[in-house]
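Beneath this line is the structure, given in structure tokens, with notes to follow.
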Amino acid sequence: MKKYLGPLSKDNPILVQTLGVCSALAVTAQLKPAVVMALSVTVVCAFSNLIISLIRNTIPPRIRIIVQLLIVSFWVVLVDLLLQAYFYEISKMLSVFVGLIITNCIIMGRLEAFALSHKPWPSLVDGVMNGLGYGMVLIIVAFFRELLGSGTLWNHQVIPNAFYHAGYLNNGLMILPPMALILVGVMIWIKGIKNSKL
Amino acid sequence: MSEIFNIFIRSVFIDNMVFAYFLGMCSYLAVSKSVKTASGLGLAVCFVLAITVPVNYLIDKYLLQPGALSWLGSSFAQVDLSFLSLIIFIAVIAGMVQLLEMVIERYMPALYMALGIFLPLIAVNCAILGGSLFMQEKNFPTVSHSFSYAIGSGLGWLLAITAMAAIRERLKYSNIPEPLRGNGIAYIITGLMGLGFMAFLGI
């Protein structure tokens with residue numbers, strides 16, 4: 001059990017292994033797209049892991065990268081079409097970043113490191129856990145960026161109007177893309193302090 | 001002509017792959033420890049982008065877009081294959097990288113030695129697939145537009161990773177708080193560089 005919980009803290013894919021940063025940061029200006037992105041990556045990661053694990057004994061090692069890419073892109077196309085059908089606005093907001101899940105290093109990394117050498121059931125759990133570890137960071141970053149940048153959460157205003165009358169201003173800097181990087185840097189810092197105390 | 005030049009400048013400085021869209025961050029953070037390897041990887045990315053984006057542009061325009069097949073006859077005008085674009089793009093990229101590796105090894109051994117192990121790794125670099133996807137979204141009118149976009153994004157990526165590697169070489173001698181060393185400070189510096197690049201927005 002402990003092995004599977006690793007991605008949530010000790011082995012977090014973004015904070016510790018610096019994988020999958022590419023698509024993680026661009027979608028975190030607001031909470032809603034971040035949650036959708038986190039769910040999509042969890043689904044793709046879990047099911048690609050499951051399928052690769054099911055056929056792991058029949059893949060010739062020389063062409064395994066192409067097989068993996070094809071299976072991952074199958075799931076990504078499925079997720080992309082579902083998002084376009086049921087959440088059209090969010091899918092417009094995420095634009096190319098849904099497609100970029102294919103080259104998300106977390107998924108390729110888990111396929112290589114775990115699914116190729118484990119049974120289907122543990123692979124599925126491992127995929128879900130890594131997706132959640134990734135999603136956790138996304139949601140934390142998006143929470144602070146939306147709260148401080150636009151004064152809203154999930155598109156509802158949370159900072160009372162009285163604050164604005166008293167002279168409170170939204171921090172426009174938080175909306176800019178580079179702030180996502182700085183926030184993740186600070187998260188790594190906090191994590192580093194916590195780990196060195198242990 | 002000036003439009004093509006504009007696209008080039010825009011994709012190097014304003015829509016920089018790393019600072020504006022965070023594409024290719026994984027290899028950007030992992031390989032930016034020395035200027036030499038960083039510029040090698042940057043060159044390879046530039047090279048692969050310049051080839052795959054125009055190829056994907058042609059495939060998208062003449063095979064995949066809604067109505068793209070109309071050159072086959074009017075009965076094909078309704079066909080919309082755009083749902084295949086993700087799979088086709090990644091297959092083209094993986095195939096092209098493999099092909100390039102063989103061609104370079106055969107005809108340009110010096111360049112092959114310089115790029116080394118980076119070429120095969122590029123197939124899973126988000127900047128490459130991202131280049132093709134943005135190309136599709138921007139809907140360029142001709143191939144030369146997409147080519148100048150590809151070269152520009154590649155150069156922008158090269159610029160970003162080389163600058164980062166140069167800064168990180170200096171960082172070895174600075175006194176950074178213990179828990180922030182390594183990746184933490186790398187993220188924060190990238191963020192600050194991104195804020196600096198925002199100054200180009202006015203051009």
Side-chain angles (χ1 to χ4, degrees), chain A residues 13-28 63 65-66 68-70 72-74 76-78 80-81 84 95-109 112 173 176-197, chain B residues 16-30 83-91 93-95 97-98 120 122-137 176-198 201:
Chain A
I14 295 184
L15 298 183
V16 181
Q17 308 176 30
T18 45
L19 295 176
V21 193
C22 327
S23 54
L25 301 172
V27 299
T28 50
I63 58 158
I65 301 271
I66 295 184
Q68 288 164 1
L69 277 178
L70 278 181
V72 176
S73 44
F74 164 75
V76 171
V77 170
L78 214 64
D80 190 23
L81 292 179
Q84 279 179 21
S95 75
V96 303
F97 291 99
V98 179
L100 284 175
I101 298 177
I102 297 178
T103 48
N104 192 316
C105 332
I106 297 175
I107 295 174
M108 291 301 281
E112 280 281 298
L173 202 59
L176 299 179
M179 284 314 285
L181 284 165
I182 295 181
L183 274 180
V184 174
V186 172
M187 276 174 79
I188 293 179
W189 191 359
I190 294 171
K191 203 169 156 43
I193 293 172
K194 241 172 61 187
N195 284 1
S196 62
K197 268 187 199 150
Chain B
N16 187 291
M17 282 272 184
V18 174
F19 298 130
Y21 297 112
F22 312 108
L23 293 179
M25 285 295 287
C26 316
S27 34
Y28 171 84
L29 288 170
F83 66 95
L84 282 177
S85 56
L86 278 180
I87 291 189
I88 302 270
F89 284 178
I90 195 75
I93 288 168
V97 169
Q98 196 79 55
I122 282 177
V124 285
N125 188 324
C126 344
I128 309 287
L129 182 63
S132 287
L133 291 175
F134 275 118
M135 171 275 297
Q136 191 187 27
E137 195 173 69
I176 306 164
E178 188 72 40
L180 196 57
R181 280 193 194 158
N183 277 323
I185 194 74
Y187 275 100
I188 292 182
I189 286 175
T190 314
L192 293 178
M193 284 164 80
L195 280 178
F197 259 67
M198 299 214 114
L201 270 180

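Values below: all heavy atoms of this structure, side chains included; hydrogens, waters and symmetry mates excluded. The chains referred to below are lettered A, B, ... by the order of the sequence lines, with proteins before strands, and numbering in each begins at 1. Just so we're clear, the structure is a prediction, and the values are computed from it rather than from any experiment.
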Task: chain A contacts, top residue of B:Leu84, B:Leu23, B:Leu133 (heavy-atom pairs, under 4.5 Å) - done: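 It is B:Leu133.
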Task: Partner chain A: residue of B:Asn183, B:Ile128, B:Leu180, B:Ile188 with the largest heavy-atom pair count (under 4.5 Å) - done: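 Option with the top pair count is B:Leu180.
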Task: Which atoms of A:Leu173 approach chain B - backbone, side chain, both or neither, heavy atom under 4.5 Å - done: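 Side chain only.
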Task: Region of A:Ile102 in contact with chain B, defined by heavy-atom distances below 4.5 Å - done: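 Side chain of A:Ile102 only, per the 4.5 Å heavy-atom cut-off to chain B.
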Taking every non-hydrogen atom, the tightest pair across [X] and [Y]:
X: B:Gly191; Y: A:Pro178; value: O-CB, 3.2 Å
X: B:Phe83; Y: A:Val77; value: O-CG1, 3.9 Å
X: B:Ile90; Y: A:Ser73; value: CG2-OG, 4.2 Å
X: A:Gly192; Y: B:Pro179; value: C-CB, 3.6 Å
X: A:Ala180; Y: B:Phe22; value: CB-CZ, 4.4 Å
X: A:Gly99; Y: B:Leu129; value: O-CD2, 3.8 Å

- [ ] Would you please classify the geometry between the A:Phe97 ring and the B:Phe134 ring as parallel, tilted or perpendicular, with 30° and 60° separating the classes?
- [x]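 Taking A:Phe97 first and then B:Phe134, their aromatic rings stand perpendicular (interplane angle over 60°).
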TODO: Find the distance between CD1 (B:Ile93) and OG1 (A:Thr103) and round it off to the nearest 0.5 Å.
DONE: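 The OG1 atom of A:Thr103 is 8.0 Å from CD1 of B:Ile93, to the nearest 0.5 Å.
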- [ ] Nearest 0.5 Å please: distance from the CG atom of A:Leu181 over to the CE atom of B:Met25.
- [x]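 Reported to 0.5 Å precision, the distance equals 4.5 Å.
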